[in-house]
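Encoded as structure tokens, the structure appears first; notes follow it.
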There are 2 protein chains.
Amino acid sequence: MPSRHRSTAAPVDQVDLSAQLRARGYRLTPQRQLVLEAVQALEHGTPDEVAARVQERAAGVNISTVYRTLELLEELGLVRHSHLGHGAPIYHASTVPDHVHLVCRQCGSIQEVEPGAVDPLVSKLRHDRGFETDVGHLTVFGRCADCAGES
Amino acid sequence: MPSRHRSTAAPVDQVDLSAQLRARGYRLTPQRQLVLEAVQALEHGTPDEVAARVQERAAGVNISTVYRTLELLEELGLVRHSHLGHGAPIYHASTVPDHVHLVCRQCGSIQEVEPGAVDPLVSKLRHDRGFETDVGHLTVFGRCADCAGES
DNA sequence: GTTGGTGCAAAATGTTTGCACGGGG
DNA sequence: CCCCGTGCAAACATTTTGCACCAAC
């Protein structure tokens, strides 16, 4: 898997997306490329935010297409989503495997933490309860250093 | 104390509710008693489920009253809510202080875990990031022992 | 040419709000 | 008697769905 750069441009390149789609009988469309690219560029985005970003480039893309595409990309394993606060689903590219989200209640900032931080918890839950934790969806609420320091 | 029916958790009795309300200039109403009682009895319930339970006893109670009352009770510190999957907010009585929720992706079951299980994580986040974790809202997704064993 | 994908509009959910009436204090 | 709390309906926000047309292959 040719993974290299991970900022602004296209980490999972179009070739890869095309192949992933074809393998399952789906078609490659500009909309799908744009949505994937938007998710990757945003790092964390709600469907609305993804749609907004996509529409910067292609005005006609409908929000329902974004929803359908996000669902498809998730099925393909190219994006994942978690739930941060209220009901807002947050999508992020799965180029970076699993990570835990830290969400600040006060300023709304989102940080990522390496999964290793929760290994003790995961082990304990497995041992005590036989519970297999899905680390990728774990979201921790609280207050970030900046906000905790202020008040 | 007038605890009746099958609620396992010790209810915040009506006298207490009345006092809590009065102290802030709010009034005691049957609806508020019923909503609090429903939250306690359900252990974990969405607004819909709370409303359904309330309406078993008092048919006329409107869903919007349930929303307003849940908000009020949360303000009083008598109930808390977290977000489990999608956008469904789950309310629970705060008679049991803080606890972590384990949600099974497969069967939807909800378990509670004592906060001590996450102490190492909380310490680590505080130390590494200066992040103050809100343990009460922490929700861990994964598969419970039953479901993990089956597949 | 097929068939799947998209845009559009409407429907389905879930939650909030404005308003007038009735009950709690 | 005052005015908070409620029921009701409508407004809202978000996500899903039905359908006809268009584009990918």
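Small disclaimer: the values here were computed from a predicted structure and weren't measured. Within every chain, numbering begins at 1; the chains are lettered A, B, ... in the order of the sequence lines, protein sequences first and strands thereafter.
- B:Y67 has no side-chain polar atom (N or O) that falls below the 4.0 Å cut-off from OP1 or OP2 of C:dT16.
- Side-chain contact of A:Y91 with A:Q40: a donor-acceptor pair under 3.5 Å is absent, judged by distance alone.
- Per the geometry, NE2 belonging to B:H83 stands 13 Å off C1' belonging to C:dG14, to the nearest Å.
- Checked against salt bridge (charged side-chain N to carboxylate O under 4.0 Å, His left out), A:R57 has the following partners two or more places apart in sequence or in another chain: A:E37.
- For the pair B:S64 and B:G25, both in contact range of DNA chain D, the more 5′-proximal nearest nucleotide belongs to B:G25.
- Taking only side-chain atoms of A:T69, from C-beta outward, the nucleotide of D:dA9, C:dT15, C:dT6 with the closest atom is C:dT6.
- Although no hydrogens or angles enter the test, the distance criterion places a donor-acceptor pair under 3.5 Å between the side chain of A:E74 and the main chain of A:H81.
- The phosphate of D:dG7 has OP1 or OP2 within less than 4.0 Å of a side-chain N or O from B:Q31.
- Residue A:R32 has its side chain nearest to C:dT6 when only C:dC19, C:dT6, C:dG7 are considered.
- Between the CG atom of B:L34 and the C1' atom of D:dT6 there is a distance of 13 Å, given to the nearest Å.
- In this structure, B:L17 places its CG atom 14 Å from C1' of D:dG5, rounding to the nearest Å.
- Summary of helix geometry: the two end axes of the helix from C:dG1-D:dC25 to C:dG25-D:dC1, each defined by five base pairs via their C1' atoms, are inclined to each other by 30° (rounded to 10°).
- For B:E132, the side chain to side chain donor-acceptor pair (under 3.5 Å) test picks out B:R126, with sequence neighbours left out.
- No donor-acceptor contact under 3.5 Å links the side chain of A:R68 to the base of C:dG4.
- A search for side chain to side chain contact (heavy atoms under 4.5 Å, CB included) contacts involving B:D48 returns B:T46, B:I63, not counting sequence neighbours.
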Next on the checklist: ring pair (Phe, Tyr, Trp, His ring centres under 6.0 Å), that's the test. Do A:H83 and A:H137 meet it? Break it down for me.
Outcome noted: CA-CA 8 Å; A:H83 295 281; A:H137 276 244; 7.2 Å; no
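- D:dA13 atom P lies 11 Å from atom CG of A:D48, rounded to whole Å.
- When the C1' atom of C:dT3 is taken as reference, atom CG of A:L21 falls 16 Å away, rounded to whole Å.
- Per the geometry, CD belonging to A:E71 stands 19 Å off P belonging to D:dT14, to the nearest Å.
- Of the possible polar contacts, one joining the A:S94 side chain to the A:G77 backbone as a donor-acceptor pair under 3.5 Å is found.
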Next on the checklist: Please evaluate residues B:L138 and A:L138 with respect to the criterion side chain to side chain contact (heavy atoms under 4.5 Å, CB included), reporting the C-alpha separation (whole Å), side-chain torsions for both, the decisive distance (0.1 Å), and the verdict.
Outcome noted: CA-CA 8 Å; B:L138 188 58; A:L138 187 58; 4.2 Å; yes
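- Distance B:N62 CG to C:dA20 P: 18 Å, rounded to the nearest Å.
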Side-chain atoms of residues 107-114 of chain B: list all donor-acceptor pairs with protein atoms under 3.5 Å, sequence neighbours left out, distances to 0.1 Å.
{"unit_1": "B:Q111", "atom_1": "OE1", "unit_2": "A:R129", "atom_2": "NH1", "d": "2.9"}
{"unit_1": "B:E112", "atom_1": "OE2", "unit_2": "B:H44", "atom_2": "NE2", "d": "3.0"}
{"unit_1": "B:E112", "atom_1": "OE2", "unit_2": "B:H99", "atom_2": "NE2", "d": "3.4"}

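- Rounded to whole angstrom, the span from the CD atom of A:E49 across to the C1' atom of D:dA13 amounts to 15 Å.
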Anything under 3.5 Å between a protein N or O and an N or O of nucleotides 23-25 of chain D, put it in a table, one pair a line.
{"unit_1": "D:dA24", "atom_1": "O3'", "unit_2": "A:L28", "atom_2": "O", "d": "3.4"}
{"unit_1": "D:dA24", "atom_1": "N3", "unit_2": "A:R27", "atom_2": "NH1", "d": "3.3"}
{"unit_1": "D:dC25", "atom_1": "OP1", "unit_2": "A:L28", "atom_2": "N", "d": "3.1"}

